[in-house]
Enquirer: 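Once you've had a glance at the structure underneath, I'll fire off some questions.
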There are 2 protein chains.
Amino acid sequence: MVHVSKQDICREIYARKGGDIKIKKEKTFVKNLARIFDAALKISNEKGFAAMSMRDLSRASGLSMGALYAYFSGKDELLEMLQRTGRTITIRMLTEQTAGEIDPRVKLRTAVLTHLFLSEAMQPWFYFFYMEAKNMNEEGREKAKAAELATEKVLADIIREGRDLGLFNDRNALMTAAVIKAMLQDWYLKRWKYAGRNITVDQYGRFLIDFIEAFCLRPDQKPPSPGEGGESGPE
Amino acid sequence: MVHVSKQDICREIYARKGGDIKIKKEKTFVKNLARIFDAALKISNEKGFAAMSMRDLSRASGLSMGALYAYFSGKDELLEMLQRTGRTITIRMLTEQTAGEIDPRVKLRTAVLTHLFLSEAMQPWFYFFYMEAKNMNEEGREKAKAAELATEKVLADIIREGRDLGLFNDRNALMTAAVIKAMLQDWYLKRWKYAGRNITVDQYGRFLIDFIEAFCLRPDQKPPSPGEGGESGPE
DNA sequence: GTCTATATACGGATAGAC
DNA sequence: GTCTATCCGTATATAGAC
């Protein structure tokens, strides 16, 4: 359902880079950049991007120090690439997936689950994006904030729509969206916790939807259930 | 209601340190350590602890490089001190505040608001604690996780209690506690967002309680409202 | 107790061979 | 395209004067 290929991502970066790229063959570029990204995300998510040295990255990616600098101009650019890539994919996927639906009740579910499954498929990216935003320059931080607000707005708009149609309660839509975001983010920020309890994405998703709908939906407006959104039982 | 003094915190550290402390007079120790903490939190929360150099800290705290090393043995110990201090205070405050109450409905509100107001009063500490946990050694990270689980357990126990008394719905208490934590944390992690919208702590608290109670409380069990927990209106 | 000056190492980045 | 060897700045930490 939500699938993103590492190769596709890197190919796109290759295409976008234009003339100032040092590696000629797309194939080697894609292969190595994917290794670099993997290694960088792994190390950064363990001890932080700032604490990751280029030597660490060289060792983990299997490329020499010198070679690394053929793929990015410096540590700053690497950070920028990682952030931009994560941002781009998220926004694209979210808007794509929620485009078709009309019923706000279903749309809300779809948006929540899309975000959730996407963050599951790309956990290292999402985690990195969240934790390393503050290490960026002013421009990068602003873009990160804008991305947060954009995904929040997707949720808020759905909620407003549902409210206007009389399906949802009349509550602060933006605040509701904000806390939904917080709950969605918790899934990829605290994987250690949920993994330790053997909670699956699906369980988490079902629980979230129950929780959200208890607040948003008017009592008599349970939506036509495509996923049979049953109650989440006691532990 | 929730008040924590910088001086008290530092005095306690002074008392705990025992013999291997280099500064003799409590007064200078407390005064300077408070300055160090302030500066360290400020810089770290802007660009990350790893990116903060001792020179940065020296400049911002007004103490020379050499003097700093009279207060901690190195950057690692400073990190450890900051984390431990934050942890200790949080757990103590939370258990203290929720101890008296009996009615689980009121207790839940109290726990949520206590956590929220505490995190407001000590925002830099909480933010730092969350964002810099992964820069610590194994032991430090384990303690951070334990602290997360401990505060979560406080919430979960209240919810279980309410369920057993027939006041709350029969839902997964631990999962509920987990998402409540996520929402509470959002307040101090994304202050920029809420500040930009002129949302006050009280508004956020009221909203959270409405949200949580919509899911947790059985329909006919609105609690005796001490704070008159009215609906949070539309934006 | 606090300062300045400095030892020492480590990190990012580049040069130039292959 | 990739490697090794190296430059050079900056970081942590300390020595020793005041």
Side-chain angles (χ1 to χ4, degrees), chain A residues 10-11 13-14 17 19-40 43-44 46-82 132 135-137, chain B residues 10-11 13-14 17 19-40 43-44 46-82 132 135-137:
Chain A
C10 296
R11 238 189 304 277
I13 294 173
Y14 179 81
K17 274 214 88 171
D20 58 333
I21 207 169
K22 293 202 186 78
I23 281 76
K24 294 283 176 273
K25 279 185 226 156
E26 175 175 314
K27 201 169 170 183
T28 47
F29 181 83
V30 168
K31 186 192 64 173
N32 284 336
L33 193 63
R35 293 168 64 114
I36 293 171
F37 280 179
D38 275 349
I43 302 169
S44 296
E46 275 166 11
K47 60 180 188 180
F49 184 80
M52 175 189 74
S53 72
M54 293 298 287
R55 287 175 174 80
D56 290 337
L57 185 59
S58 163
R59 204 175 319 119
S61 67
L63 288 162
S64 70
M65 292 277 292
L68 288 178
Y69 283 86
Y71 292 83
F72 48 83
S73 69
K75 224 185 157 192
D76 287 351
E77 193 181 275
L78 174 60
L79 175 56
E80 222 274 329
M81 283 171 72
L82 286 164
E132 304 294 346
N135 294 357
M136 306 206 39
N137 56 28
Chain B
C10 296
R11 237 188 304 276
I13 294 173
Y14 179 81
K17 276 213 86 170
D20 58 332
I21 207 169
K22 293 202 186 75
I23 281 75
K24 294 284 175 271
K25 278 184 226 158
E26 176 176 313
K27 201 168 171 185
T28 49
F29 181 83
V30 168
K31 186 191 65 173
N32 284 335
L33 193 64
R35 292 169 66 113
I36 293 170
F37 280 180
D38 274 349
I43 302 169
S44 296
E46 274 165 14
K47 60 180 187 180
F49 183 79
M52 174 189 75
S53 72
M54 294 297 286
R55 284 176 175 78
D56 290 338
L57 185 59
S58 162
R59 206 175 318 120
S61 68
L63 287 162
S64 70
M65 292 278 293
L68 288 178
Y69 283 86
Y71 292 82
F72 47 83
S73 70
K75 226 185 155 190
D76 286 352
E77 192 182 275
L78 174 59
L79 175 56
E80 222 273 331
M81 283 170 72
L82 286 164
E132 304 295 347
N135 292 357
M136 306 206 39
N137 57 28

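Heavy-atom basis, side chains included; hydrogens, waters and symmetry copies ignored. A, B, ... follow the sequence lines: proteins, then strands. Residue 1 opens every chain. Computed from a predicted model, the values in this text were never measured in an experiment.
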Enquirer: Indicate the atoms forming the closest heavy-atom contact of B/I43 with B/A60, along with that distance.
Expert: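 Shortest heavy-atom contact: CD1-CB, 3.7 Å.
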Enquirer: I want to confirm an ordering. Mapping B/I23 and B/G66 to their closest nucleotides on DNA chain C, which one lands closer to the 5' end?
Expert: B/I23
Enquirer: Which heavy-atom pair separates A/S58 from A/M65 by the least distance, and what is that distance?
Expert: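 Heavy-atom minimum between the residues: OG-N, 3.7 Å.
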Enquirer: Compile the donor-acceptor pairs under 3.5 Å between side chains in residues 28-36 of chain B and protein atoms, sequence neighbours left out, one pair per line.
Expert:
| from | atom 1 | to | atom 2 | distance (Å) |
| --- | --- | --- | --- | --- |
| B/T28 | OG1 | B/K25 | O | 3.0 |
| B/N32 | ND2 | B/Y71 | OH | 2.8 |
| B/R35 | NE | B/S61 | O | 3.1 |
| B/R35 | NH2 | B/S61 | O | 3.0 |

Enquirer: Go through the structure and list residues passing salt bridge (Lys or Arg N to Asp or Glu O under 4.0 Å) with B/E132, not counting sequence neighbours.
Expert: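 Residues passing salt bridge (Lys or Arg N to Asp or Glu O under 4.0 Å) with B/E132: none at all.
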Enquirer: Where along residues 57-64 of chain B does a heavy atom come under 4.0 Å from DNA chain C, residue by residue in number order?
Expert: B/G62, B/L63, B/S64
Enquirer: Could you tell me whether B/K22 sits above the aromatic face of B/Y69, with NZ or CZ closer than 6.0 angstrom to the six-membered ring centre and within 45 degrees of the axis?
Expert: no
Enquirer: Do any of residues 68-77 of chain B sit with a heavy atom less than 4.0 Å from DNA chain C, and if so which?
Expert: B/Y71
Enquirer: Could you give the start and end, 5' to 3', of the contact zone on DNA chain C for chain B, using atoms under 4.0 Å from its heavy atoms?
Expert: C/dG1 to C/dT4
Enquirer: When rounded to the nearest 0.5 angstrom, what distance separates NZ in B/K75 from OG in B/S53?
Expert: 7.5 Å
Enquirer: I need the full list of salt bridge (charged side-chain N to carboxylate O under 4.0 Å, His left out) pairs touching residues 58-74 of chain B, with sequence neighbours left out, sorted by first then second residue.
Expert: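 Found B/D56-B/R59.
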Enquirer: Give the rounded distance in Å between these two atoms: CG of B/L78 and P of D/dA11.
Expert: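 These atoms are roughly 16 Å apart.
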Enquirer: Using 0.5 Å steps for rounding, measure from the CZ atom of B/R55 to the CG atom of B/L68.
Expert: 11.5 Å
Enquirer: Write down the atom of A/L57, the atom of A/A39, and the distance for their closest heavy-atom approach.
Expert: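 That would be CD1-CB, 3.9 Å.
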Enquirer: Please give me the minimum heavy-atom distance between B/Y14 and B/I23, naming the atom from each residue.
Expert: CE1-O, 3.9 Å
Enquirer: Check the distance between D/dA11's C1' and B/I43's CD1 and give it to me in whole angstrom.
Expert: 15 Å
